[in-house]
Amino acid sequence: MAKELAKNYAPERFEDRIYAAWMEKGCFHAEIDRSKKPYTIVIPPPNITGQLHMGHALDETLQDILIRWKRMSGYCTLWLPGTDHAAIATEAKIVAAMREEGLTKEGIGREAFMERAWAWKKTYGGRIVEQLKKLGSSCDWQRERFTLDEGCSRAVKDVFVRYYEKGLIYRGERIINWCPQCLTSLSDAEVNYEEQAGHFWHLRYQIKDSDEYIELATTRPETLLGDTAVAVHPEDKRYQHLIGATVILPIVHREIPVVADEYVEMDFGTGVVKITPAHDPNDFEVGRRHKLEIINVMTEDARITDDHPKYAGMDRYEARKAIVADLEAEGALVRIEEHTHNVGTCYRCGTTVEPRVSTQWFVKMQPLAGPAIEAVKQGKTKFVPERFDKIYYHWLENIRDWCISRQIWWGHQIPAFYCDDCGEMVVTREDTAVCPKCGKPMRQDPDTLDTWFSSALWPFSTLGFPDQTEELDYFYPTNTLVTGYDIIFFWVIRMMFSALENTGQVPFDTVLIHGLVRDAQGRKMSKSLGNGIDPLEVIRQYGADALRFMLATGNAPGNDMRYIDAKVKAARNFANKLWNASRFILMNLPDDFRFEGLPEQLAMEDKWLISRFNRLTKEVDDNLNAFELGVACTKLYDFIWDVFCDWYIELTKPRIQAGGESKATAQAVLVWAMQGILKLLHPFMPFITEEIWQVLTADGSMIMLQPYPVYDAKLNFAQEEADLEKIIAAVRAVRNTRTELNVPPSVKAKLYIETAEEALFAGAAPFFEKLASASSVEVGAKFDMPDAVGAVTDAARIFIPMEQLVDKEKELARLAKEQEKVQKDIDFLSRKLNNAGFLAKAPEALVQAEKEKLAKAQEKMDKIQQTIRSFS
RNA sequence: GGAAGCUUAGCUCAGCUGGGAGAGCGUCUGCCCUACAAGCAGAGGGUCAUAGGUUCGAGCCCUAUAGCUUCCACCA
């Protein structure tokens, strides 16, 4: 025990060193061990473009707590890490970097672009991984994967081909969400709707060969160029006579029909809708029903096409202005209303999405959604908290086909090949294809897959799928998936149906959902607001353990939390408390100390502590099993600070000063308890517990590989617990009384303790001297001390003779107040115990406990009354 | 339009299957007692949003109402 801990808790001095030691010893690596039960978590792969933010920090912390706890509990634990290629986000970054050099994608070509992209991945892709390590994440880095690596790519290709062969994937012309900035299609999940202030332009179209006009309202007048009909509700009396008529489209002066369609709401606007099948999803559907022409008026970057020379090249918003002006000039503009409406925006760049008709690949969702719903209904996968299953069902029940093709290069290229000669298409796992009809080499589809297509396979593609590997057999299905509620749609749902379809099993048994980490004012942390807190900065300042503990404490599953500096500080202070408690233990140990288990002869306070610790192990384990990590943190905090430091350590001081056999016992119990505490706390605060463990044990062992403490019925000491609680209550009563009378701790006084349990209190004399400023203690069955101050508990009357301080009036008033309080207790308890319903229906144990409480209150009342009488 | 969550001490939040309201920070009082002032000892502070209901018993369960937040849908 030669080594000492540094004087102050300074996490920066050991966190990196300890992480390196874990890595060097291979503590995180999981080898298949059939003698153990597996426990597997796959990391939600962070984007290679990303920097660690508070959301990751929370996510990783929760996973690491679970993994470390299970590892210590004897499971063969695998936490499989990796990163996501983040198709659109990464491509955008690379394109932007190229623009700085005056280069474009098209300019350098696909191959050169991919080379750059991989180089970029090499440079920046590891950044986030290094940041995860700072948090203490015990991932099996030997198994680190990347969604675009060879294995994952093979799984993607395999699944694509399989889906295609089963008819679950098809290619077709549809209206999809298009981002004019990213220049690619987006899935429904990738569009965010934002409320925007806009206008409602009321226009009038002339009926052909008539003086009559029909009035309609639109939020997007520029799409008028592509109008191919005007629609009214079939039952709308106002417009019955116009159904089938022809109207003249202003500006363009094209003739278009008036159609009847139930999609039109009679009460909204004028009950007339202009139909632009090429630029609105609803209009597209109307157009299909009425076989309307689709006239695309915009380029892929949302400018007007050359078909309309007057507006050609103008972007959507310029064209809108110009067209409104022309409408006005033509007398077609009736009026303009203010109007707020929801506008779809790209989840990556925020640009307003442009609905666009194009040929894309889709996954047919109906057949896949059913089994995914069923699996959760049958409880094969459970959400924690449960309420998120409603969101899950709702989304799956209303799901539309998933657009999976993207017009970008960074990603898994679609394994479909076309013959430019005869138009033949082949979908294959091979890298090249020859036309089966004309024997010519085929051209691969230039598009790539939605980045979520590959993440959807993550729980099994990372374990070797499509091969039936040992890993897949042993570690799959995985156990817990930890993620934020914001990506249930993107990811959780897609993993569910992909796993069920491809592996026949659910991908995980539990989905632990957490909320967002918001700023101190409750706002979402965002780049644009600049209110993000950098976890690495917090780690530099307070240590990773403090950040982890803060994130895990008081954070209930599924609920958002705020990042508040004071909370991290509190966690850091807690670490400091633990640090100093360890220092206290170490500085009192002899150099040749060797811990050899708990001694035979234990003092009352030792048994009290052991018993309480034993119960704590059960509670923490129960909480962890129920995913109540925050509750477990609170219990650990309270036990370590209040029970262990404020009481037990203080209670050992008299023995440590006295020396001898009783000192040796105290030392052993201190070491035993500290080791237990460290183990129990390790999943939450891995660094500090490891550092202290190594100094304390000095045997080269690692705490992260120790068994997690478990409840042991032999360590249950109810009698000693109850006895010591009496002493504690008496110490508190004395302290309380002294404080109320403003007696400083330096003024010592003799205590006369009147009690029926003389032996118990006599034995506790040193505690009163140490903890209650007693100069000495006398214990007896009866004292008569009218000139003293009295502290009363249910087990004892304690007199403190302090002539100069005794003010009879004040003293009586104080006792009267105390009496009132106890009387309230008695009233409450008697009322309860006189209630026939309570006696009849409440559990027996509770009734018994209430009776005991009443008896204690009555004991205390007697003693107060006696004291009042003797003082009067 | 549909759904979910939240409303508890001045602030930020816990409160597990219903059994006399908790923590951290802040406030007030007294303490450098050789582990820790990043600390110790004490104190004050709450009709648990409102109104009903179920129950022997409700912060917790049920119903309605109000306010805040979020998600989904997307009526041009």
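Letters go in sequence order (proteins before strands), and every chain restarts at 1. Excluded from the calculations below are hydrogen atoms, water molecules and symmetry mates; all remaining heavy atoms, backbone and side chain alike, are included.
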- prompt: Who does B:A21 pair with, Watson-Crick or G-U, both distances under 3.5 Å?
  reply: none
- request: Would you mind classifying the nucleic acid contact of A:N559 as base, sugar-phosphate or nothing, using non-hydrogen atoms under 4.0 angstrom?
  value: sugar-phosphate
- prompt: Quick one: which of B:C74, B:A35, B:C40 gets closest to the side chain of A:I649?
  reply: B:A35
task: Indicate, with a heavy-atom threshold strictly under 4.0 Å, whether A:K748 touches base, sugar-phosphate, or nothing.
output: nothing
field: A:K832-A:S830 side chain donor-acceptor pair, cut-off 3.5 Å
entry: no
message: Any heavy-atom pair between the side chains of A:R518 and A:R523 that's under 4.5 Å?
response: no
query: Between the side chains of A:N398 and A:Y393, does any donor sit under 3.5 Å from an acceptor?
result: no
message: Using atom P in both nucleotides, what's the gap between B:C32 and B:C40 to the nearest angstrom?
response: 16 Å
message: Between A:E740 and A:T737, is there a side-chain donor-acceptor contact under 3.5 Å, judged purely by atom types and distance?
response: no
- prompt: How would you label the contact of A:A842 with the nucleic acid (heavy atoms, under 4.0 Å): base, sugar-phosphate, or nothing?
  reply: base
message: So A:F388, base contact, sugar-phosphate only, or nothing? Heavy-atom distance under 4.0 Å.
response: nothing
task: Classify the nucleic acid contact of A:N342 as base, sugar-phosphate or nothing, counting any heavy atom under 4.0 Å across all strands shown.
output: base
- prompt: Contact class for A:K567 (heavy atom, under 4.0 Å): base, sugar-phosphate, or nothing?
  reply: sugar-phosphate
query: So what does A:W641 touch, heavy atoms closer than 4.0 Å: a base, only the sugar-phosphate, or nothing?
result: sugar-phosphate
query: Within the structure shown, what part of the strands sits under 4.0 Å from A:D825 by heavy-atom distance: base, sugar-phosphate, or nothing?
result: base
task: Have a look at A:Y263 and say if it touches a base, only the backbone sugar-phosphate, or nothing, with a 4.0 Å heavy-atom cut-off.
output: base
- prompt: From B:G39, B:C56, B:C71, pick the nucleotide closest to the side chain of A:K524?
  reply: B:C71
query: Contact class for A:F574 (heavy atom, under 4.0 Å): base, sugar-phosphate, or nothing?
result: nothing
A:Q823, CD atom: more than 12 neighbouring heavy atoms under 6.0 Å: yes
Span that lies between the P atom of B:C60 and that of B:A49, in whole angstrom: 8 Å
message: Need one value for A:I391: base, sugar-phosphate or nothing, where a base atom within 4.0 Å counts as base even if backbone is also close, heavy atoms only.
response: nothing
Centroid under 5.5 Å and tilt under 30°, A:F828 to B:G20: yes
message: Between the base of B:G20 and the side chain of A:K853, is one N or O donor paired with an acceptor at under 3.5 angstrom?
response: yes
message: Give me the distance, rounded to whole Å, that separates B:G45 from B:G5 when you measure between the P atoms they each carry.
response: 35 Å
query: A:R518 CZ to B:U69 C1': how many Å, rounded?
result: 8 Å
field: Of A:D638 and A:E650, the one whose closest RNA chain B nucleotide lies more 5'
entry: A:D638
task: Would you verify whether the NZ or CZ of A:K577 falls within 45 degrees of the ring axis of A:Y637 while also being under 6.0 Å from that six-membered ring's centre?
output: no
task: With heavy atoms under 4.0 Å as the rule, sort A:I585 into base, sugar-phosphate or nothing.
output: nothing
query: Quick one: the side chain of A:R572 and the base of B:A38, do they pair up donor-acceptor inside 3.5 Å?
result: yes
- request: Would you mind classifying the nucleic acid contact of A:R583 as base, sugar-phosphate or nothing, using non-hydrogen atoms under 4.0 angstrom?
  value: sugar-phosphate
message: Using a heavy-atom cut-off of 4.0 Å across all strands, would you classify A:P281 as base, sugar-phosphate, or nothing?
response: nothing
